[in-house]
Amino acid sequence: MAVFLLLLVSSGVLFFSSNAQGAYEKLPENYKKGVDLALEKLDSHAGIQHHFLFFRSITKSDIEPGFDVTYVYHHFYLKATKCPKGTVDSTACQFRNDRPLIDCAVCYKTFREEIEQEPKPYVHCVHKPALTEDMKTTRLNHCNTMGYSSGAPTLLASTGTD
């Protein structure tokens, strides 16, 4: 019985550790690129001590006006792992449950599935408990403005009323 219980627990650990990257692997390529941008920015902060991984998407949207151009908006959570910052191989990293999630929003323009440098990609990440309604509004306004200033189809598709 003890051997069965040990086997069951160890298989559960393997399930959870392999699942840490499972959500990221299921993302479409255009969204993975935004998550990667957020992780790079997060990793550059001196105060961050743990390795973070994509946890789950909250909102995903994209507009394809044509000519291989796509405007992407992605709101998602990153979660700390038990691995130290700078870990290269994340396959053995397990999520921690004693740290707050990091709430991120990114928006950017891609051309032929590569992120364009203009308009500059927008990345905003903050610990979830510190996220305010003002921050949420600022994020959305910034991303909407980015699309409009680039001639996004949402602006061009509007119809006036007389």
Side-chain angles (χ1 to χ4, degrees), residues 18-96 99-159:
S18 66
N19 251 359
Q21 277 294 80
Y24 176 83
E25 295 303 325
K26 292 177 185 174
L27 282 175
E29 204 58 40
N30 266 354
Y31 291 101
K32 284 182 184 178
K33 292 175 185 193
V35 170
D36 294 343
L37 274 178
L39 287 168
E40 285 173 25
K41 186 171 181 177
L42 184 65
D43 206 35
S44 70
H45 285 277
I48 300 296
Q49 299 174 0
H50 301 287
H51 184 68
F52 281 78
L53 292 174
F54 174 76
F55 185 57
R56 71 180 172 107
S57 293
I58 307 304
T59 307
K60 291 188 298 191
S61 66
D62 59 58
I63 298 171
E64 296 180 23
F67 306 105
D68 291 327
V69 171
T70 305
Y71 292 91
V72 178
Y73 173 78
H74 192 192
H75 177 204
F76 56 90
Y77 293 149
L78 299 175
K79 191 168 184 175
T81 67
K82 295 180 180 180
C83 294
K85 178 180 174 178
T87 299
V88 177
D89 183 8
S90 305
T91 54
C93 296
Q94 297 176 357
F95 285 130
R96 298 177 66 118
R99 299 282 188 266
L101 295 173
I102 293 191
D103 189 295
C104 292
V106 297
C107 53
Y108 46 92
K109 175 185 174 183
T110 64
F111 176 65
R112 294 187 178 157
E113 298 186 15
E114 294 299 322
I115 295 177
E116 292 284 287
Q117 293 309 306
E118 290 297 325
K120 184 178 178 185
Y122 176 77
V123 179
H124 182 263
C125 295
V126 64
H127 280 102
K128 191 171 184 264
L131 184 67
T132 65
E133 288 301 317
D134 275 350
M135 287 180 193
K136 290 179 187 178
T137 302
T138 300
R139 286 175 169 180
L140 289 174
N141 288 342
H142 183 87
C143 290
N144 285 334
T145 302
M146 174 191 284
Y148 291 145
S149 67
S150 299
T154 51
L155 180 62
L156 300 175
S158 65
T159 57

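These numbers come from the heavy atoms of this one structure, side chains and all, not from hydrogens, waters or symmetry mates. For reference, positions follow the sequence shown, starting with 1.
Here the straight-line distance linking atom CG of Asp36 with atom CD of Glu29 works out to 8.0 Å at 0.5 Å rounding. Distance CG/Leu37 to SG/Cys125: 10.0 Å, rounded to 0.5 Å. With values rounded to the nearest 0.5 angstrom, Phe111 atom CZ is found 15.0 Å from Glu118 atom CD. The CG atom of Leu101 lies 11.5 Å from the CG atom of Leu131; values are rounded to the nearest 0.5 Å. Note that the CG atom of Leu140 and the OG1 atom of Thr145 stand 10.5 Å from one another [nearest 0.5 Å]. Here the straight-line distance linking atom NZ of Lys41 with atom NE2 of His124 works out to 7.5 Å at 0.5 Å rounding.
A donor-acceptor contact closer than 3.5 angstrom is absent between the side chains of Thr132 and Asp134.
Using a 4.5 Å cut-off on side-chain heavy atoms (C-beta onward), Arg139 and Val126 make contact. With a 4.5 Å cut-off on side-chain heavy atoms, Thr138 and Met135 do not count as touching. The shortest distance between side-chain heavy atoms of Tyr24 and Leu53 does not fall below 4.5 Å. For the pair Glu114/Lys33, a side-chain contact is recorded, criterion being any heavy-atom separation below 4.5 Å from C-beta on. Side-chain atoms of His75 and Lys136, non-hydrogen and from C-beta on, never get closer than 4.5 Å to each other.
Nearest heavy atoms, Cys143 versus Tyr73: SG-CD1, 3.7 Å. Taking both residues in full, the closest heavy atoms of His127 and Ile102 are given as CD2-CG1, 4.0 Å, listed atom of the first, atom of the second, then distance. Nearest heavy-atom pair across Pro121 and Tyr108 is CB-CB, 3.9 Å. The two atoms that bring Thr87 and His51 nearest to each other are O-CE1, 3.3 Å, heavy atoms only. Here the shortest heavy-atom pairing between Pro119 and Lys109 reads CD-CD, 3.8 Å. Minimum heavy-atom separation, Ala46 to Lys85: CA-NZ, 4.0 Å.
Of the listed residues (Asp62, Ile63, Ile115), just one forms a side-chain contact (heavy atoms from CB on, under 4.5 Å) with Thr70, and that residue is Asp62.
No donor-acceptor pair under 3.5 Å is formed between the side chain of Lys60 and the backbone N or O of Tyr31.
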Lys128 vs Asp103, salt bridge (Lys or Arg N to Asp or Glu O under 4.0 Å): CA-CA, chis, key distance, verdict: CA-CA 5 Å; Lys128 191 171 184 264; Asp103 189 295; over 6 Å; no
Give the C-alpha distance, both sets of side-chain angles, the deciding distance and a yes or no for side chain to side chain contact (heavy atoms under 4.5 Å, CB included) between Glu25 and Lys32. CA-CA 8 Å; Glu25 295 303 325; Lys32 284 182 184 178; 3.7 Å; yes
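Under the 30°/60° scheme for interplanar angles, the aromatic rings of Phe54 and Phe76 are found to be tilted.
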